[in-house]
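Worksheet: one structure, shown below.
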Amino acid sequence: MLDPILPAPLAGWFADRGWRPRRHQLDMLREGRAGRHALLVATTGAGKTLAGFLPTLAELIDHPREGLHTLYVSPLKALAVDIQRNLVTPIDEMGLDIRVETRTGDTPSDRKARQRVRPPQILLTTPESLSLLLSYPDAATMFEGLRTIVVDEVHAFATGKRGDLLSLCMARLQRLAPGCRRVALSATVADPDAYRAWLAPDGDIDQVSLVHGEPGADPNIAILLPEGRVPWSGHSGRYAASQVMTEIAAHRTTIVFCNTRSLAELIFQDLWKENADSLPIGVHHGSLSLEARRKVEGAMASGRLRALVATASLDLGVDWGDVDCVIQMGAPKGSSRLLQRIGRANHRLDESSEAILVPGNRFEYLEARAALDAVEEGALDADPFRPGALDVLAQHVMACACAAPFRRDALLDEVRGATPYSALPDETFDRVLGFIRDGGYSLKAYDRFKRLTEEADGTWRVSHPRFVQQHRLNAGIIVEATMLTVRFKNGRSLGKVEEGFAATLTPGDTFFFAGLSLEVERIDTEDLVVRASSRPARIPTYGGARMPLSTNLADRVRAFLAEPDEWARFPDDVREWLEVQARRSALPRPGQLLVETFPREGRHYMVAYSFEGWNAHQSLGMLVTRRMEAQGLKPLGFVANDYAIATYGLEPVTDPAALFSPDILEHEFVEWVERSHLLKRAFREVAVIGGLVERQHPGKRKTGRQVTFSTDLIYDVLRKYEPTHLLLQAAWEDARARMTDVGRLADLLDRAADTMLHVDRDRVTPLAVPVLTLIGRERVATNSADDALLVEAEALAAEAMRMD
């Protein structure tokens, strides 16, 4: 019997399909009827989206009305489009007079204008598009009747800058529509209370109900072992291409997830070489053109593809019910991410999702096993919340000014209603206002930075109408690296590659992109003009930080090393690797920092097993080798993976503790960041987000090179004349927190002196082999060189595993 809380059309719709509403769907409906904010945590396939919309549908059935009723905010444009398709179907089947529309950067301008005059009852959008809507004078009229805002996949952006922007937008909506309810949906939240606080008006967690979804069937996860031994090196699982192709052939539809865009292109090529039956497979990542992505998504939705190689561009939400297997190439780096990706298979609550992990090397086998255990235990990765970013606040203040003049105290009170800014000091807010007013002390002589004016009565307004147009053209939080469009001579675009990669190409060079081998014909300012080729090709590289190994999985891998009773679960070669390491050297205990030193072929090596992730290790390697240079140890270089860093030089390291002292973050780190490109790159982003530098003029978009040139000039001026400038402060916070995992570095260095175990050996140890095989690998360009490195890795491993 259906619950009487459901209006008749909804009850009939469920009954006609032989379905029953889930308990959590009815709970969300009750919370909606009671007017309470709610966070729903439910597994993928549990009908979260329908649960989020049920109160809206019920209310519009019981009390039909015109005007905007519900805003649905998604982290992805594609997700908004997918939800529209899936929501419009039941509305049409029930014969309801409810309009559902999307508003993203891809929405035609005439429809955008019409939506502000006659909005639909349900509008699906992104944080950036919502911010733009709030920048219009008619925002107060458009949103005054808003009843609900639904935030989907809240874990994907709440802790970042897009979450800061959305939180500020919700604070503004709460002022325009005081009775508006907030709802958030997610499958992977480790700390629900942190998200309840983020969602709540004024951070009042007690205002937000927590609704747990019905548990679904346990996922069926396997670790794919190679035909032979688990490799010593690599992080991609490429060795298993033939086995992966066999799995694709055995399933209806498979998504093959890769952790980077470069790896997605590479794995696609590897699979195609093994695709003897010419099964239809595709590739999907964020740098491909919208047309290319839509084409592939359509082919998947209609069942015309047997497999799709994808990146995080498909982590979220797109619902393809025929996907019956997910394969993760390389280690997943976090249990929450793995669970999210597993959920793309079956998308039905009562059926097990099937997933296969393909570890790239022996450490990654341990990580895959740790991830599998974590998923079985329901242990997810914690998401670190931090204070709201000041560049985002500057953009939001400008949006508010575009809508209407404001008074300082009223806006500050509103901003503090957004949880990330709840502790914002008066002085910091005044610095933000001052920055928008004239650019700051060093820039106030230039009219183009004078965007706001304070009137004699204390009212703030936009200084000139051109700044309103400038804001709307340039607003947004996602700042891409400088990109060139890859296109054919006829103008057809395939997507974008980063300028740094394009700079390594000359006419006649070939590279793989969008699953094709492409030959460069010419390179223009903004375009890379290509033609199809059948020649061997390179894989594009993309900058930016890799996915960090989560502390949850890092701690579990450490625990494996310290618990020999666990090793019986591992393949023979992995177990033997650990057993020989224990006899020849040592295995670190949880919380302990193992540092090994040994000579090899005229060099002296130091390997530190810190398990803090590749991003942190890259920074640490730079800092440690600088300190080694100062101490006369003559370092030649370093390599790093997620688990360890290895330095090599001409002199032995006899006192590693001196290299890992905490003051390295006060001296070498500051000097290194200030001299490196890191701070300039961070400044470029905050300058664009904060509105100091334009990406677009009316009718013309600046090239990435022009934006970089502009920001570099301003950066040099501010560094020299105003080092305390608001945006330099914001850039520092970005560089420290996001680009270097400096928090994990600080924790490591704080405990290094007390927990370090230094073991000096006469030759390489088994645990060191995976990281040492990286030396020289960055320069690999051909398969023959790759083969040579594999031979070298085997020789290194044989030396390490000898028991004499």
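Scope of the values below: all heavy atoms of this structure, side chains included, with no hydrogens, waters or symmetry mates.
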Hey, is the main chain of [Y] close enough, under 3.5 Å, to the side chain of [X] for a donor-acceptor pair?
{"X": "D324", "Y": "R252", "result": "yes"}
{"X": "E367", "Y": "K333", "result": "yes"}
{"X": "E364", "Y": "A331", "result": "yes"}
{"X": "H617", "Y": "N641", "result": "yes"}
{"X": "S186", "Y": "V154", "result": "no"}
{"X": "R306", "Y": "H251", "result": "yes"}
{"X": "E274", "Y": "T246", "result": "no"}
{"X": "R162", "Y": "P127", "result": "no"}

Is there side-chain contact between [X] and [Y], with at least one heavy-atom pair below 4.5 Å?
{"X": "V151", "Y": "F157", "value": "yes"}
{"X": "L225", "Y": "V230", "value": "yes"}
{"X": "L271", "Y": "V244", "value": "yes"}
{"X": "V530", "Y": "F488", "value": "yes"}
{"X": "I267", "Y": "R238", "value": "yes"}
{"X": "D373", "Y": "R569", "value": "yes"}
{"X": "M300", "Y": "V323", "value": "yes"}
{"X": "S289", "Y": "L494", "value": "no"}

*Decide yes or no on side chain to side chain contact (heavy atoms under 4.5 Å, CB included) for V283 and V296, but give the supporting numbers first.*
CA-CA 8 Å; V283 62; V296 168; over 6 Å; no
*Let me see the working for F560 and F570 under ring-ring contact (aromatic ring centres under 6.0 Å, His included), right down to the final yes or no.*
CA-CA 10 Å; F560 282 157; F570 304 160; 5.4 Å; yes
Minimum heavy-atom separation for [X] and [Y], please, with both atom names.
{"X": "P359", "Y": "A368", "answer": "CB-CB, 4.5 Å"}
{"X": "V150", "Y": "G52", "answer": "CG2-O, 3.9 Å"}
{"X": "A682", "Y": "D734", "answer": "CB-CB, 4.1 Å"}
{"X": "W577", "Y": "P770", "answer": "CZ2-CG, 4.2 Å"}
{"X": "Q618", "Y": "A640", "answer": "NE2-CB, 3.6 Å"}
{"X": "G495", "Y": "S493", "answer": "N-OG, 3.4 Å"}

*asked:* L357 and side chain to side chain contact (heavy atoms under 4.5 Å, CB included): which single residue from V326, I221, L224 fits?
replied: I221
_Just to verify, which of L372, I356, V358 counts as forming a side chain to side chain contact (heavy atoms under 4.5 Å, CB included) with I223?_
L372
*With sequence neighbours left out, what residues match N490 under side chain to side chain donor-acceptor pair (under 3.5 Å)?*
none
*Quick one: list whatever passes side chain to side chain donor-acceptor pair (under 3.5 Å) with T506, sequence neighbours left out.*
D509
So, taking the atom named [atom1] in [X] and the one named [atom2] in [Y], what distance separates them when rounded to the nearest 0.5 Å?
{"X": "L553", "Y": "L366", "atom1": "CG", "atom2": "CG", "value": "11.5 Å"}
{"X": "N361", "Y": "Y239", "atom1": "CG", "atom2": "OH", "value": "8.5 Å"}
{"X": "E685", "Y": "I689", "atom1": "CD", "atom2": "CD1", "value": "4.5 Å"}
{"X": "D270", "Y": "E265", "atom1": "CG", "atom2": "CD", "value": "11.5 Å"}
{"X": "Y195", "Y": "L185", "atom1": "OH", "atom2": "CG", "value": "13.0 Å"}
{"X": "S534", "Y": "L516", "atom1": "OG", "atom2": "CG", "value": "12.0 Å"}

*More than 12 heavy atoms of other groups within 6.0 Å of R531 CZ*: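 No.
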*Residue pair L124, S74: steps toward the side chain to side chain contact (heavy atoms under 4.5 Å, CB included) verdict*: CA-CA 7 Å; L124 317 176; S74 152; over 6 Å; no
Does [X] pair with [Y] as a salt bridge, N-O distance under 4.0 Å?
{"X": "E291", "Y": "R294", "result": "no"}
{"X": "E519", "Y": "K489", "result": "no"}
{"X": "D573", "Y": "R229", "result": "no"}

*asked:* Once you measure the plane-to-plane angle for F513 and F511, does it fall in the parallel (<30°), tilted (30-60°) or perpendicular (>60°) bin?
replied: tilted
*asked:* Assess the residue pair L796 and T773 against the criterion (side chain to side chain contact (heavy atoms under 4.5 Å, CB included)); give the C-alpha distance rounded to whole Å, side-chain angles, the decisive distance to 0.1 Å, and a yes or no.
replied: CA-CA 8 Å; L796 189 68; T773 56; 4.0 Å; yes
*Check D152, T49, T102 against Y72 for a side-chain hydrogen bond (donor to acceptor under 3.5 Å, both in side chains) and give me the one that passes.*
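The passing option is D152.
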*Please list, chain by chain and in numerical order, all residues satisfying ring-ring contact (aromatic ring centres under 6.0 Å, His included) with Y643, sequence neighbours excluded.*
F363
*asked:* As a quick check of understanding, evaluate salt bridge (Lys or Arg N to Asp or Glu O under 4.0 Å) for R558 and E612, giving each step before the final call.
replied: CA-CA 11 Å; R558 285 193 189 99; E612 297 298 346; 3.3 Å; yes
_Does H284 form a side chain to side chain contact (heavy atoms under 4.5 Å, CB included) with I255? I'd like the steps, not just the answer._
CA-CA 10 Å; H284 187 291; I255 299 180; over 6 Å; no
